[in-house]
Amino acid sequence: MKTMTNLCAVSMMLLFAASVAVAGEFDWIKDFNIRAEADPSGFRVRLATRFKIGDATVDAVLSNVEKPADAYIALRLGEMSKQPTDRVMEEYKSGKGGGWGVIAKNLGIKPGSKEFDALKNGQDLYKTQDKGTGKTKGKGKKKN
């Protein structure tokens with residue numbers, strides 16, 4: 001009985017550690033979803049403009065994902081892998097239980113690659129600000 005209790009404790013610790021490790025990845029998603037859900041029509045326009053796709057494609061993607069960030073990530077993975085949207089959505093449907101790393105790998109993108117790491121760490125649909133400074137990211141000319 002003691003061995004069974006120890007196994008349960010170890011299992012819970014491993015599960016917690018895995019959850020903490022994943023929590024740091026794609027940490028931009030929560031804010032992204034809030035912004036997209038607050039302005040759905042603006043979000044649709046941003047997707048169409050950013051990925052140079054029509055309304056029909058936007059509709060198809062949004063109707064097959066759970067959250068706005070999923071649509072963005074799927075479209076970015078299609079862009080990175082040079083795969084058509086239909087192919088990416090097939091991978092999303094069949095591999096979403098395994099996470100974005102599995103989907104990326106199935107599309108030919110290495111999960112540890114520079115491109116995939118950049119996607120995990122941020123998005124380019126909404127401008128972001130440096131924490132605490134109030135300044136937008138990026139370099140600009142210094143004013144004299």
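Here the structure is a predicted model, which is why all the values come from computation and not from measurement.
- Formation of a donor-acceptor pair under 3.5 Å by the T49 side chain with backbone atoms of V45 is found in this model.
- Summarising the geometry, atom NZ belonging to K52 is positioned 12.5 Å from atom CG belonging to L75; distances are rounded to the nearest 0.5 Å.
- Y72 and D124 are linked by a side-chain donor-acceptor pair at a separation below 3.5 angstrom, with hydrogens and angles left out of the test.
- Salt bridge status for D117 with K114: absent, with no side-chain N to carboxylate O gap under 4.0 Å.
- Rounded to the nearest 0.5 angstrom, E79 CD and L119 CG are separated by 10.0 Å.
- Atom CD1 in I109 sits 10.5 Å away from atom CD1 in I103 (nearest 0.5 Å).
- Heavy atoms only, all atoms of each residue included: A71 and L47 are closest at CB-CD1, 4.3 Å.
- L77 and V102 end up in different hydrophobic clusters when Ile, Leu, Val, Met, Phe, Trp and Tyr side chains are linked at under 4.5 Å.
- To the nearest 0.5 Å, atom CD1 of residue I53 and atom CZ of residue R50 are 10.0 Å apart.
- For D55, the CG atom counts as loosely surrounded, since its 6.0 Å shell holds 12 or fewer non-hydrogen atoms of other residues, nucleotides or ligands.
- Distance check: D70 CG to K96 NZ gives 8.0 Å after rounding to the nearest 0.5 Å.
- Side-chain contact between I73 and Y92 is absent, with no heavy-atom pair separated by less than 4.5 Å.
- Side-chain contact between E37 and K67 is present, with heavy atoms from C-beta onward closer than 4.5 Å.
- Between F116 and M80, the shortest heavy-atom distance links the atoms N-CE, 4.4 Å.
- Smallest separation of non-hydrogen atoms from A36 and P68: CB-CB, 3.4 Å.
- Scored by the side chain to side chain contact (heavy atoms under 4.5 Å, CB included) test, N64 finds M89, K93 as partners (sequence neighbours excluded).
- Residues W28 and A69 share a closest heavy-atom pair of CZ3-CB, 4.3 Å.
- Rounded to the nearest 0.5 Å, atoms CD (E115) and OG (S81) are 11.0 Å apart.
- With sequence neighbours excluded, the residues satisfying ring-ring contact (aromatic ring centres under 6.0 Å, His included) with F43 are F32.
- Applying the side-chain hydrogen bond (donor to acceptor under 3.5 Å, both in side chains) test to every pair with at least one member in residues 97-109, sequence neighbours left out, gives these pairs: E91-N106.
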